[in-house]
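Structure first, commentary second.
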Amino acid sequence: MRVSKRLGAVLLAFAVWLGPAAAMAATPGLFADVGRGEWTLDDPVWKAIDVETYTPAACAAKSCPLVIVIHGAGRNAANSRNYWIEAADRYGVLIAAPRFDKTRFPGRLFQQGAARGQPDRSKWTFGVVERLFDAARAAGRASGTSYRLFGHSAGGQFVHRMALLMPEARFSRAVVANAGYYTRPLDAAAAGGFAYPYSLGGTPATDTLRAALGKQVTVMLGERDTNPEHRELNRSAGAEEQGATRFARGQHFMADIRAVAARLGVTPQWREITVPGVAHQQDRMARAAAPELLGP
């Protein structure tokens with residue numbers, strides 16, 4: 001059963017009045033109840049991060065694999081979580097969708113992961129995902145030593161940049177869906193002079209590119225995500241150089257991935273999938289991504 005934040009705050013305040021033990025009992029644990037839930041990650045770098053969760057009945061009394069879902073530019077983590085409920089019930093997995101609010105996390109800190117001009121990796125926003133996984137494991141709820149990762153639109157930007165810049169991250173599979181534009185796996189000079197976030201120029205990721213190409217990442221492109229006038233489409237010079245639409249930019253990015261892998265002499269584990277009949281629709285992309293992320 002879902003408990004509103006306001007009601008939760010009232011209950012917690014009452015418990016504090018009763019005493020510390022009662023306060024601890026009133027604080028809902030991560031994935032404590034079956035169904036939709038809310039939880040707050042006390043992150044050591046970014047402080048309180050609200051997390052929308054879902055626990056299927058199959059995971060009520062045991063630990064289960066964890067899927068972390070990254071929302072889009074609308075910052076609606078609840079909807080992003082909801083689009084994965086059907087898959088959670090079918091596959092028996094936990095869903096966690098952290099919310100990067102717009103006030104504290106503008107695009108530079110959200111989609112770009114706070115990596116621009118920041119050599120200290122511990123301060124990158126991507127680390128929130130890893131620490132959320134640690135919290136789920138510490139609570140005895142997430143099973144295994146890895147998690148699955150999905151992001152749509154701005155969330156897709158976040159996920160593919162995390163995969164490129166943090167190949168040590170413990171996700172076993174990731175799906176990047178309908179990203180608005182990409183960080184090309186090139187230095188700035190090879191990317192037409194465009195540095196991060198349009199290329200890896202100005203980041204330490206060029207040193208870890210081989211490892212990044214070995215991650216299991218699927219770039220999913222909606223076949224009809226081809227509107228060059230979409231209200232949320234980035235039209236900066238660096239983005240426009242990648243193509244006029246999200247679909248074209250995704251194809252351009254994957255061509256870069258294949259070319260760089262050939263130059264390095266490695267076989268990339270990054271795959272490209274076109275989803276027929278789908279435009280910029282997170283719910284339909286999530287349904288298409290579920291077997292890719294959770295199947296055999």
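Quick caveat: nothing in here was measured; it's all calculated off a predicted structure. The figures here come from the full heavy-atom set of this structure, side chains too, leaving out hydrogens, waters and symmetry mates. Starting from 1, each residue takes its place in the sequence as its number.
- Residue Thr183 holds its OG1 atom at 6.5 Å from CG of Leu164, rounded to the nearest 0.5 Å.
- Considering all non-hydrogen atoms of both residues, Arg161 and Gln111 come closest at NH1-O, 3.2 Å.
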Distance-only check: which donor-acceptor pairs under 3.5 Å involve side-chain atoms of residues 84-91, not counting sequence neighbours?
| unit_1 | atom_1 | unit_2 | atom_2 | d |
| --- | --- | --- | --- | --- |
| Asp89 | OD1 | Tyr54 | OH | 2.8 |
| Asp89 | OD2 | Tyr54 | OH | 3.2 |

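- Under the 3.5 Å distance criterion, the side-chain polar atoms of Arg173 are matched with a main-chain donor or acceptor of Glu292.
- Between Gln157 and Asn234, every side-chain heavy-atom pair lies at or beyond the 4.5 Å cut-off.
- For Asp50 and Arg99, the salt-bridge test fails: no basic side-chain N is under 4.0 Å from an acidic carboxylate O.
- Linking ILVMFWY side-chain heavy atoms closer than 4.5 Å, directly or via other members, places Leu213 and Ile273 in two distinct hydrophobic clusters.
- The hydrophobic cluster containing Leu233, built from Ile/Leu/Val/Met/Phe/Trp/Tyr side-chain heavy atoms closer than 4.5 Å, comprises no other residue.
- Within the 4.5 Å cutoff, the side chain of Met220 has no heavy atoms near those of the His152 side chain.
- Side-chain contact between Trp39 and Leu132 is present, with at least one heavy-atom pair separated by less than 4.5 Å.
- Closest heavy-atom contact between Arg287 and Pro291: O-CD, 3.4 Å.
- Asp43 places no side-chain N or O within donor-acceptor distance of the main-chain N or O of Val128, the cut-off being under 3.5 Å.
- Taking all atoms of both residues into account, the shortest heavy-atom contact from Gly140 to Ser63 is O-CB, 3.5 Å.
- Not counting sequence neighbours, Asn79 has no partner by the side-chain hydrogen bond (donor to acceptor under 3.5 Å, both in side chains) test.
- In this structure, Val275 is a member of the same hydrophobic cluster as Phe150, with clusters built from ILVMFWY side-chain heavy atoms closer than 4.5 Å.
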Stepwise, does the salt bridge (Lys or Arg N to Asp or Glu O under 4.0 Å) test hold for Glu240 with Arg249?
CA-CA 8 Å; Glu240 289 288 337; Arg249 293 173 185 179; 3.5 Å; yes
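- To the nearest 0.5 Å, the span separating CG on Leu66 from CZ on Phe171 amounts to 13.5 Å.
- Listed for the Tyr182 side chain is no donor-acceptor partner under 3.5 Å among the backbone atoms of Met254.
- Closest heavy-atom contact between Cys64 and Leu94: O-CD1, 3.9 Å.
- Note: Arg263 CZ to Leu209 CG = 7.5 Å, rounded to the nearest 0.5 Å.
- How far OG1 of Thr245 is from NE2 of His230: 11.5 Å, rounded to the nearest 0.5 Å.
- A distance of 12.5 Å separates CZ in Arg224 from CZ in Phe247, rounded to the nearest 0.5 Å.
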Set out, in order, the CA-CA distance, both residues' side-chain angles and the distance that settles side chain to side chain contact (heavy atoms under 4.5 Å, CB included) for Arg184 and His252, then state yes or no.
CA-CA 9 Å; Arg184 301 177 66 187; His252 188 275; 3.4 Å; yes
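- Taken together through direct or relayed side-chain contacts under 4.5 Å among Ile, Leu, Val, Met, Phe, Trp and Tyr, Tyr83 and Ile68 form parts of separate hydrophobic clusters.
- Of the residues Leu149, Val176, Val175, the one that meets the side chain to side chain contact (heavy atoms under 4.5 Å, CB included) test with Val217 is Val176.
- At least one donor-acceptor pair under 3.5 Å links the side chain of Arg121 to the backbone N or O of Leu165.
- Using a cutoff of 4.0 Å between basic side-chain nitrogens and carboxylate oxygens, Arg235 and Glu229 are scored as salt-bridged.
- Here the shortest heavy-atom pairing between Asp120 and Ser122 reads OD1-OG, 2.6 Å.
- Checking Asn76 against His71 by side-chain atom types alone, no donor-acceptor pair falls below 3.5 Å.
- Trp124 is not listed as a side-chain neighbour of Met162, based on a closest heavy-atom distance of 4.5 Å or more.
- Looking only at atom types and distance, the side chain of Arg148 has a donor-acceptor partner in the side chain of Ser172 under 3.5 Å away.
- Taking the six-membered ring where the residue is Trp, Phe100 and Phe110 present parallel rings, their angle staying beneath 30° rather than reaching 60°.
- In this structure, Arg284 contributes its side chain and Ala279 its backbone to no donor-acceptor pair below 3.5 Å.
- A distance of 9.5 Å separates OG1 in Thr40 from CD1 in Ile49, rounded to the nearest 0.5 Å.
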Do Phe253 and His160 pass the ring-ring contact (aromatic ring centres under 6.0 Å, His included) test, and can you show the C-alpha distance, the side-chain angles, and the key distance before you say yes or no?
CA-CA 11 Å; Phe253 172 73; His160 92 276; 5.3 Å; yes
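- Side-chain heavy atoms closer than 4.5 Å link hydrophobic residues (I, L, V, M, F, W, Y) into clusters, and following such links, possibly through other members, connects Met166 to Tyr147.
- For the pair Val260/Leu264, a side-chain contact is recorded, criterion being any heavy-atom separation below 4.5 Å from C-beta on.
- For the residue pair Glu52 / Ser80, no side-chain donor-acceptor distance below 3.5 Å is found, with atom types taken as modelled.
- Under the 3.5 Å distance criterion, with hydrogens and angles disregarded, a donor-acceptor pair is assigned to the side chains of Tyr198 and Ser236.
- A donor-acceptor distance shorter than 3.5 angstrom exists from the side chain of Lys215 to the backbone of Ala169, with no hydrogens or angles considered.
- The pair Glu130-Arg170 meets the salt-bridge criterion, with a side-chain N (NZ, NE, NH1 or NH2) lying under 4.0 Å from an Asp/Glu carboxylate O.
- Counting heavy atoms of neighbouring residues, nucleotides and ligands inside a 6.0 Å radius, atom CZ of Arg258 exceeds 12 of them.
- Proximity of Phe194 to Gln242: side-chain heavy atoms (C-beta onward) are nowhere separated by under 4.5 Å.
- Taking 4.5 Å as the limit, some side-chain heavy atom of Val278 sits within range of a side-chain heavy atom of Met285.
- Annotation: side chain of Asp187 is not in contact with side chain of Ser199 (no heavy-atom distance under 4.5 Å).
- The same ILVMFWY cluster, assembled from side-chain heavy atoms under 4.5 Å apart, contains both Val159 and Ile257.
- The backbone N or O of Leu109 sits less than 3.5 Å from a side-chain atom of Thr125, completing a donor-acceptor pair.
- Remark: Arg75 CZ is packed, more than 12 non-hydrogen atoms of other residues, nucleotides or ligands lying under 6.0 Å away.
- Taking each heavy atom of Ala136 and Leu30 in turn, the nearest pair found is CA-CD2, 3.5 Å.
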